2 protein chains.
Amino acid sequence: MIEVPKSEMRPAPDSALSGFQRECINLFVHGAQILSIPRSIGEIYGLLYATAEPLPMEAIMERLGISKGSVSQGLRWLREVGAVRATYVKGDRRDHYEAETELRKLAGGFLREQIEPHLGNGGDYLSRLALEADRVHPAESQFAAERITKLKRWHRFTVRALPLFLRIVGRI
Amino acid sequence: MIEVPKSEMRPAPDSALSGFQRECINLFVHGAQILSIPRSIGEIYGLLYATAEPLPMEAIMERLGISKGSVSQGLRWLREVGAVRATYVKGDRRDHYEAETELRKLAGGFLREQIEPHLGNGGDYLSRLALEADRVHPAESQFAAERITKLKRWHRFTVRALPLFLRIVGRI
DNA sequence: CAGTCAGTTCAATTTGTCTTGAACATGATG
DNA sequence: CATCATGTTCAAGACAAATTGAACTGACTG
């Protein structure tokens, strides 16, 4: 069976993209990698960041050459995190999306949605650990107690540092 | 076909683990998830964190029930990041590992190895983007310029915030 | 209503990452 | 040296996450 070269399998999706947009998308795809966020989300945000008018889903699909499902899911995530907002466009019942560009809101949403819930669980793990502290072999009990104390300190620190951090980011 | 329950597929690897150790490992596996670090690395660090004596690779393998390759690679990562150090144990030519427990070193190493390099690249992406700014359609040039300015501000902020952040973490 | 349009959902597939295990160093030991 | 002990590397396989596409929901329209 003959393999079709990948580059020909989709019609060049970025034909409609300006160089500025392409580089923007690049940049945000790279950013997404750092945060372990799906590539498609980086692409979508990058495109919106680089586009002056709000775009409907369809436009995103065809300019990026990704599926409707991906765009729908990606936009949901971006909405939840507050990285994107839907704006009304008169005479068009489709939703149109534009990028939220305030670092405060971006970082804030990301931390609130992605990190805070985990930190909450972190507390649960810690308390379950603390329960074991009593059951530990006497010879090790001091060691265990120290380690637990240290963990509690870390936890308290992160929980407190988050809002502080957000305040600093807010001043940009 | 009858499915073998996953819990029986490996001989219970944690037979040699205390409750304290198990909960510690749990906690760090969870932490690893947050940072998108491989589970096995969380397990290894968790075990070392919960163990008073330095452990050789072999002990880690059998207590966690993971392969030699995984442990070797996991330890390398942890060493590079400074989360673990090899200590000499007299009369034993094997390397013995113990956990580094200072948040300053952990966070510092992680940021230095995992984040900083990315930020460096970030600068490259940004400058390539800036090049496109001139080529952009006149009608959009002001929009593009604004967005680029904003990105540069973000970038400058993160680059400067990193050492500051580390200084704060250092005081814990 | 039947028919379109906009958007969501989710099972199946694709893609990418982690883990394994066997082969390969390296170096100590008799 | 041959052998054993310790540790690394890497291709192949197992696993997990992202993406697709088709089926679906609901809402508007003539």
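In the text below, chain A, chain B and the rest are named by the order of the sequence lines, each starting its count at 1. Because the structure is predicted, anything quoted here is derived from the model rather than measured.
Along DNA chain D, the nucleotide nearest B:Ser72 and the nucleotide nearest A:Ile41 are compared for position; the residue whose nucleotide lies closer to the 5' end is B:Ser72. If you find the closest nucleotide of DNA chain C to A:Asp95 and to B:Arg39, the one lying nearer the 5' end belongs to A:Asp95. Heavy-atom distances to DNA chain C give each of A:Gly69 and A:Asp92 a nearest nucleotide, and the one nearer the 5′ end belongs to A:Asp92.
Side-chain proximity of A:Ser70 to C:dT20, D:dT19, D:dT8: nearest is D:dT19. Proximity note for B:Ile66 (side chain, C-beta onward) versus C:dT20, C:dG27, D:dG7: the nearest is C:dT20. Listed nucleotides C:dT8, D:dT8, D:dT6 differ in distance to A:Met57; the shortest reach to its side chain belongs to C:dT8.
Judged by atom type and distance alone, A:Glu58 does not reach the base of C:dC5 through any side-chain donor-acceptor pair under 3.5 Å. Between the side chain of B:Lys68 and the base of C:dG21, no donor-acceptor pair of N or O atoms lies under 3.5 Å.
Phosphate contact (OP1/OP2 of D:dG21, side-chain N/O of A:Ser67, threshold under 4.0 Å): absent. Contact between the side-chain N/O atoms of A:Arg94 and the OP1/OP2 oxygens of C:dT4 is not found at any separation under 4.0 Å.
When rounded to the nearest whole Å, the span between CZ of A:Arg76 and P of D:dA18 equals 13 Å. One interatomic measurement links the two molecules: OH of A:Tyr88 to C1' of C:dA6, which rounds to 15 Å at whole-angstrom precision. Atoms CG (A:Leu55) and C1' (C:dA6) sit 16 Å apart, rounded to a whole Å. Going from atom CE of A:Met61 over to atom P of D:dA22 covers 12 Å, rounded to whole Å. Between A:Leu75 atom CG and C:dG7 atom P the separation is 9 Å, expressed in whole Å. In this structure, CG of B:Leu64 is placed 18 Å from P of C:dC18, rounded to the nearest angstrom. Rounding to whole angstrom units, CD1 of residue A:Ile60 and P of C:dG7 are separated by 10 Å. Straight-line distance from the CD atom of B:Glu62 to the C1' atom of D:dG7: 16 Å, rounded to whole Å.
Distance alone, capped at 3.5 Å, places no donor-acceptor pair between the A:Ser36 side chain and the A:Ala32 backbone.
Among the protein residues, A:Arg93 comes within range of the nucleic acid bases, having at least one heavy atom under 4.0 Å from a base atom.
For the residue pair A:Asn26/A:His30, the side-chain donor-acceptor check at 3.5 Å is not satisfied.
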message: Run B:Leu106 and A:Trp154 through side chain to side chain contact (heavy atoms under 4.5 Å, CB included) and show every step you take.
response: CA-CA 11 Å; B:Leu106 292 177; A:Trp154 291 2; 3.3 Å; yes
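Geometrically, B:Arg147 engages A:Tyr49 in a cation-pi contact, judged by NZ or CZ lying under 6.0 Å from the ring centre and within 45° of the ring axis.
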